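See below for the structure under consideration.
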There are 2 protein chains.
Amino acid sequence: MSEVAQLADVSPSTVSLYLRRPDEVSSRRAERIQTAIDRLGYLPNTMAGGLASSRSNIIGVIVPTITFSFFAETLETLERNLRAAGYQLLIGNTEFDPSREEELIRSILSWNPSGLVLTGFSHSRKSVSLLAKSDIPIVEMWDYGQEGLDMVVGFSHHTCGRLVAEHLLRNGYRHMAFLSTNFQRDIRARERYHGFRDAIADSGGSVVVRELAGRSNTAEAGKLLCSLVDEHPETQAVFCSNDMVALGAMFECQRQGWSIPGRLAVVGFGNQDFTDSTVPPMTTVEPPRQEIGDHIARLLIDRLKGDDTATRIDLGVRLIVRESG
Amino acid sequence: MSEVAQLADVSPSTVSLYLRRPDEVSSRRAERIQTAIDRLGYLPNTMAGGLASSRSNIIGVIVPTITFSFFAETLETLERNLRAAGYQLLIGNTEFDPSREEELIRSILSWNPSGLVLTGFSHSRKSVSLLAKSDIPIVEMWDYGQEGLDMVVGFSHHTCGRLVAEHLLRNGYRHMAFLSTNFQRDIRARERYHGFRDAIADSGGSVVVRELAGRSNTAEAGKLLCSLVDEHPETQAVFCSNDMVALGAMFECQRQGWSIPGRLAVVGFGNQDFTDSTVPPMTTVEPPRQEIGDHIARLLIDRLKGDDTATRIDLGVRLIVRESG
DNA sequence: GTGAAAGCGCTAACAA
DNA sequence: TTGTTAGCGCTTTCAC
């Protein structure tokens, strides 16, 4: 920067001012400075700036995984909105490991971020105290229904499970199953199951639950479905923890010659792109993937401007009724 | 840090040394320092450290999109490996917009990163000169066959296209189609098409190409396939730019009652999880999604340790022959 | 093995 | 509007 200043024959602080608030510099010098910047190919040093101002344009985001298209879409939307306001995303993924979250929080906090976005409400005690003393805006996303540390943007997975159950019950199904990937570690999949189970219990139906060993492995979903139907031939409908699992279930039905939804109704979660072209089209639940990103960006930007905005937003889900269930 | 020093009754520089090379501090003081750190809940300030040492533990990565599971998997693998070596990923996505890449390079470079990973070989002139003068290790990934700025880890998309064509030709198919999402903007999809087309031309077959308007929209792939077969009823095989498009094509065949591969062979790209359970199982190409991440991490770590390592790695692809083509 | 001192490249008062 | 000055919180010599 001092080189730029020298070449433009102004002081370094004028250059700094020009970079941050160009209209407060006289147009004559502004022009000279810009020329010098171009000539030297000057790139500002963000760390020096951040240190001096003890602020950074970083927003940390912690998600379980970026390979689930849900989260990837939220991240892309969030990034697009936040970038427009001059912020950078620092993304961490826990791979569903709670101890990783603490480590990530620590590492992100050491960057002096302007804000932090977490997935869900479940954090270690240490994480919470770390966050408490940092006093930056925190958003917990992709869930709703608990108190929250600061702001919350998401939806109730319990309600989502109930919604699906009620839909199936209304259509006369009584014996159901929940087919899940990551059931032990994914607290939100478990919540959906709980809502599903509770609604079914209320009306005297039955539910069994099965967990896939790996990630959302479509082939394994098929095998699991087979053994499930073998043990519980009364099963009439399956609610899957995501659309990929549901796709695996549908393919298995096709291979077994089980009609959908005649022999077995299949419901997914995610409303991924492909769900409208399966045969038959898949009934699924649409979570507000992008809306979550949009709302978080808005909340964060407002808060960082000083506004004290609403802190809890329930975006709900939409049940997309097609033909599979 | 000075607070920690005071509480531990040592100098700040000893604390700094302890944090960076703990074994060079006497165990008595080390213990006192650690106690003080815990008591105060001290978190180092990464920006101050980075400024003082004029290094950072950041590795920038620029991908077209993180919502394609290919790239997401490479990112996760890369992150896992690099984290173990003490590096942080700063991820940017261009959304296939070349001008965004330049902007991202600028913004990442201003963080003084230790290295930078780009997708493909196509960069603006400005980007190249920006990178040239930064003298950090650069990796271009997910492609192979051109000179490259520094290191290259990927595979040849042209060869990939040839591979699929040769497989289909060997099985007696003559009239083919290429069904692509993002054909205009995704230079690598286009390269696969070129390889495909060249091999077919060599043996006197025919190819038509069709582009989906949106992202990899499965439903649209179905419609496009229909109009394609309508215009070119001689078409016997379709190579799709990714597995999702291929899935859409397969569903459309099912709806139309076209047998796969009898009436139409379908080949995907990606070997995504679901491809082994489609009906019939999908023939596809497996790109080295995770291997790319592994190799880049190793190259980068070696280079940053001072080793001057091999600079171009062709990981190739595997043709996964199943029943759809 | 430890500490004092200098400075990384900026920003933010403040004075001019 | 512009320049001067004093740090931001660390790391890195270099003496001790």
Side-chain angles (χ1 to χ4, degrees), chain A residues 1-34 36-37 40-58 86 88 106-114 133-134 136 304, chain B residues 1-34 36-37 40-58 86 88 106-114 133-134 136 304:
Chain A
M1 175 175 279
S2 57
E3 282 185 54
V4 173
Q6 247 178 341
L7 186 58
D9 196 30
V10 297
S11 78
S13 57
T14 306
V15 177
S16 169
L17 188 63
Y18 169 72
L19 254 22
R20 286 170 298 114
R21 282 173 268 136
D23 37 309
E24 291 185 21
V25 173
S26 71
S27 55
R28 276 180 49 256
R29 304 197 184 212
E31 208 172 303
R32 290 206 319 258
I33 293 172
Q34 188 55 57
I37 287 176
L40 295 169
Y42 168 74
L43 273 181
N45 181 323
T46 312
M47 299 216 253
L51 179 59
S53 63
S54 61
R55 290 185 276 97
S56 83
N57 64 342
I58 285 185
Q88 277 259 353
R106 224 176 257 287
S107 128
I108 291 175
L109 247 27
S110 80
W111 284 98
N112 243 299
S114 292
K133 98 177 72 178
S134 79
I136 55 170
L304 291 168
Chain B
M1 176 176 278
S2 58
E3 283 184 54
V4 173
Q6 248 179 342
L7 186 59
D9 197 30
V10 296
S11 78
S13 54
T14 306
V15 176
S16 170
L17 188 63
Y18 170 73
L19 255 21
R20 285 171 298 113
R21 283 172 267 137
D23 38 310
E24 291 185 21
V25 172
S26 71
S27 56
R28 277 179 49 255
R29 301 193 187 217
E31 208 172 304
R32 281 192 344 240
I33 292 171
Q34 188 55 58
I37 286 175
L40 294 169
Y42 168 75
L43 273 181
N45 181 323
T46 312
M47 299 216 254
L51 179 58
S53 62
S54 60
R55 289 185 277 98
S56 83
N57 64 344
I58 285 185
Q88 277 259 352
R106 224 174 258 286
S107 130
I108 291 176
L109 248 27
S110 80
W111 284 99
N112 242 298
S114 292
K133 97 177 74 179
S134 79
I136 55 170
L304 292 169

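Below, read A as the first sequence line, B as the second, and so on, with proteins coming before strands; counting in each chain starts at 1. Because the structure is predicted, anything quoted here is derived from the model rather than measured.
No side-chain N or O of A/S107 forms a donor-acceptor pair with one of A/S110 less than 3.5 Å apart.
Put simply, the side chain of B/I136 reaches to within 4.5 Å of the side chain of B/P113, judged on heavy atoms. Contact annotation: the side chain of A/N45 never approaches that of B/W111 to less than 4.5 Å [non-hydrogen atoms, C-beta and beyond].
No side-chain donor-acceptor contact under 3.5 Å links A/N112 to the backbone of A/S56.
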Notebook entry, point to check: Going 5' to 3' along nucleotides 1-10 of chain C, which nucleotides have protein heavy atoms under 4.0 Å from the base (write B), which only from the sugar-phosphate (write S), and which from neither (write -)?
Noted result: SBBB--BBBB
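Every pair passing salt bridge (Lys or Arg N to Asp or Glu O under 4.0 Å) that includes a residue from residues 23-33 of chain A is listed here, sequence neighbours excluded: A/R21-A/E24.
Between B/A5 and B/S11, the shortest heavy-atom distance links the atoms CB-C, 3.7 Å. Closest approach of A/R55 and B/M47 over heavy atoms only: O-CE, 3.7 Å. Across every non-hydrogen atom of B/M1 and B/Y42, the tightest pair is N-CE1, 3.4 Å.
First and last contacts of DNA chain D with chain A, using any nucleotide atom under 4.0 Å from a protein heavy atom and ordered 5' to 3', fall at D/dT1 to D/dG9.
Residue A/R55 is classed as a sugar-phosphate contact, given heavy-atom separations below 4.0 Å to backbone atoms only.
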Which atoms of nucleotides 14-16 of chain C (N or O only) lie under 3.5 Å from a protein N or O atom, and what are those distances?
none

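A search for side chain to side chain donor-acceptor pair (under 3.5 Å) contacts involving B/R20 returns B/S16, not counting sequence neighbours.
Of the inter-residue distances, the one linking B/I58 atom CD1 with B/S114 atom OG reads 8.5 Å to the nearest 0.5 angstrom.
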Next item on the list: Could you walk me through whether A/R106 and A/L109 pass the side-chain contact (heavy atoms from CB on, under 4.5 Å) test, one step at a time?
Entry: CA-CA 5 Å; A/R106 224 176 257 287; A/L109 247 27; 5.9 Å; no
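Within the helix from C/dG1-D/dC16 to C/dA16-D/dT1, the inter-axis angle between the opening and closing five-pair segments is 20°, rounded to 10°.
None of B/V25, B/V10, B/I33 except one satisfies the side chain to side chain contact (heavy atoms under 4.5 Å, CB included) rule with B/L17; the exception is B/V25.
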